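What follows is a single structure, written as structure tokens, with notes after it.
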Protein chains: 2
Amino acid sequence: MPVELSCKSEYALLALLELADVYTSKEPLQIRQISAQQHIPDRYLEQLLATLRRGGIVRSQRGAKGGYLLAREPRKITLLEIVACLEGFDAQAKEQEDAAKFTKTLEGGIIAEVWQEADQAAKTILQNYTLQDLCDRRDARQQLDLMYYI
Amino acid sequence: MPVELSCKSEYALLALLELADVYTSKEPLQIRQISAQQHIPDRYLEQLLATLRRGGIVRSQRGAKGGYLLAREPRKITLLEIVACLEGFDAQAKEQEDAAKFTKTLEGGIIAEVWQEADQAAKTILQNYTLQDLCDRRDARQQLDLMYYI
DNA sequence: CAAAACCCTAGTGGAAAACCGGAGTATACT
DNA sequence: AGTATACTCCGGTTTTCCACTAGGGTTTTG
Ligand code: FES
Ligand code: FES
């Protein structure tokens with residue numbers, strides 16, 4: 001119940017998985033291709049990729065034959081970093097003001113502490129997964145499904 | 001970033017802390033008193049307490065001289081139970097449909113799995129805190145603040 | 001019976017999230 | 001150089017959700 005998976009993060013992860021698949025080719029992937037493949041509204045995905053670029057997770061190449069590439073190897077990109085990039089900036093500010101509001105009262109401060117502990121636990125999980133891990137896991141699953149099919 | 005603390009949960013926890021304080025007296029506490037003490041909109045708190053009652057966390061006594069009491073000792077009420085009661089029912093349904101939507105595609109399923117793992121980690125934290133723990137922690141903090149003041 | 005409390009159900013307002021559109025800018029290819 | 005392509009910036013719209021409000025009903029006390 002407590003951990004949210006926003007539409008934003010989901011779209012971004014799907015897009016990054018696509019980029020991770022073609023990472024070794026060094027060829028950029030275009031918004032259109034990704035949005036068609038993963039059924040994501042292209043104009044919206046554009047915004048997300050721009051945010052990821054500003055966050056240093058993705059590189060972009062402008063002009064004809066342009067597109068997006070991962071800025072680093074999939075092994076070096078954690079899920080926490082991704083979601084922090086997308087929701088982190090304003091969310092972090094939001095969190096600060098929430099903490100401030102709560103800490104005005106003693107009880108509120110205690111509650112905020114416990115919630116931060118829970119939050120930290122969830123973050124640690126996401127910290128320990130990389131894009132590569134997701135790819136590997138998906139490939140393994142696909143193999144398994146194939147074997148069952150036969 | 002990922003763990004939400006909704007207004008609902010916050011209000012409910014504050015109210016339950018009040019109830020926990022007077023638990024031994026076996027005297028019911030009224031909505032008005034709680035809302036005044038913790039600055040919670042009374043009409044809203046009413047709904048939350050109703051939900052907590054349906055969830056078996058709180059008992060109510062109707063009529064004049066009525067009010068609310070904890071259904072069990074504070075030691076036997078976990079924070080997870082509280083938040084699950086408040087956001088759980090529709091959130092759980094929501095979660096199911098999300099999982100179903102994601103699992104339609106292979107990538108979506110993988111992502112959902114990871115998120116559930118993170119969610120589980122956060123839940124475990126909340127599972128291991130009871131209302132009594134919060135009270136104790138608050139009291140300890142209060143003592144400390146007092147000592148610094150002197 | 002009347003007052004005090006809880007009990008239900010619905011509805012409102014506003015903010016945030018998701019999504020769309022248009023004009024601008026860089027790049028590649030001919 | 002010129003044109004097509006694709007990213008970039010920024011503003012607007014739609015939709016969804018949440019905190020909150022409201023009104024009428026039921027139970028208990030005295
Ligand atoms: S019920 Fe909300 S994450 Fe499981
Ligand atoms: S930034 Fe969202 S919980 Fe810490």
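A note on names: the letters A, B, ... follow the listed sequences, proteins ahead of strands, and every chain is numbered from 1. Hydrogens, waters and symmetry mates play no part in the numbers below; they use all other heavy atoms, side chains included. Note that the coordinates shown come from a computational prediction; the quantities given were computed from them, not determined experimentally.
Taking atom CG on L19(A) and atom P on dC7(D), their separation rounds to 11 Å, with Å as the unit. Between the P atom of dA17(C) and the CD atom of E4(B) lies a distance of 12 Å, rounded to the nearest Å. Atom CD of E10(B) is separated from atom C1' of dC20(D) by 15 Å (rounded to the nearest Å). Computed from coordinates, the D42(B) CG to dA4(C) P distance equals 15 Å when rounded to whole Å. Atom CD of E87(B) and atom C1' of dC17(D) are 12 Å apart (whole Å). Atoms CD1 (I40(B)) and P (dA19(D)) sit 13 Å apart, rounded to a whole Å. Rounded to an integer number of Å, the gap from CG of L45(B) to C1' of dA19(D) is 13 Å. Between the CD atom of E27(B) and the C1' atom of dT29(D) there is a distance of 14 Å, given to the nearest Å.
The existence of a salt bridge linking D21(A) and R138(A) is confirmed by a sub-4.0 Å separation between a basic side-chain nitrogen and an acidic carboxylate oxygen. Under 4.0 Å is where a charged nitrogen must lie from a carboxylate oxygen, and between R72(A) and E81(A) at least one such pair does. Comment: R141(A) engages E113(B) in a salt bridge, judged by a side-chain N to carboxylate O separation of less than 4.0 angstrom.
Looking only at distances, no side-chain donor or acceptor of E87(B) sits under 3.5 Å from a matching main-chain atom of A84(B). A distance-only check finds a donor-acceptor pair linking the side chain of W115(A) to the backbone of E4(B) [under 3.5 Å]. With hydrogens and angles disregarded, a donor-acceptor distance shorter than 3.5 Å links the side chain of T124(B) to the backbone of Q120(B).
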Requested in this report: Give the B/S/- string for nucleotides 6-14 of chain C, one per nucleotide from 5' to 3', where a protein heavy atom under 4.0 Å of the base yields B, of only the sugar-phosphate yields S, and otherwise -.
Outcome: SBBBB----
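Annotation: of the two residues near DNA chain C, K65(A) and P41(A), the 5′-most nearest-nucleotide partner is P41(A).
A 4.5 Å side-chain heavy-atom check between V114(B) and D133(A) finds every atom pair outside the cut-off.
Cation-pi geometry between K26(A) and Y23(A) is satisfied (NZ or CZ under 6.0 Å from the ring centre, within 45° of the ring normal).
When the local axes at the two ends of the helix from dC1(C)-dG30(D) to dT30(C)-dA1(D) are compared, using 5 base pairs at each end, they differ in direction by 10° after rounding to 10°.
Tracing side-chain contacts under 4.5 Å through hydrophobic residues (I, L, V, M, F, W, Y), one never reaches I57(B) starting from L69(B); they form parts of separate clusters.
At the phosphate of dC20(D), OP1 or OP2 sits under 4.0 Å from a side-chain N or O atom of Y11(B).
In this structure, of dC19(C), dC20(D), dC29(C), it is dC20(D) that holds the atom nearest to the side chain of Y44(B).
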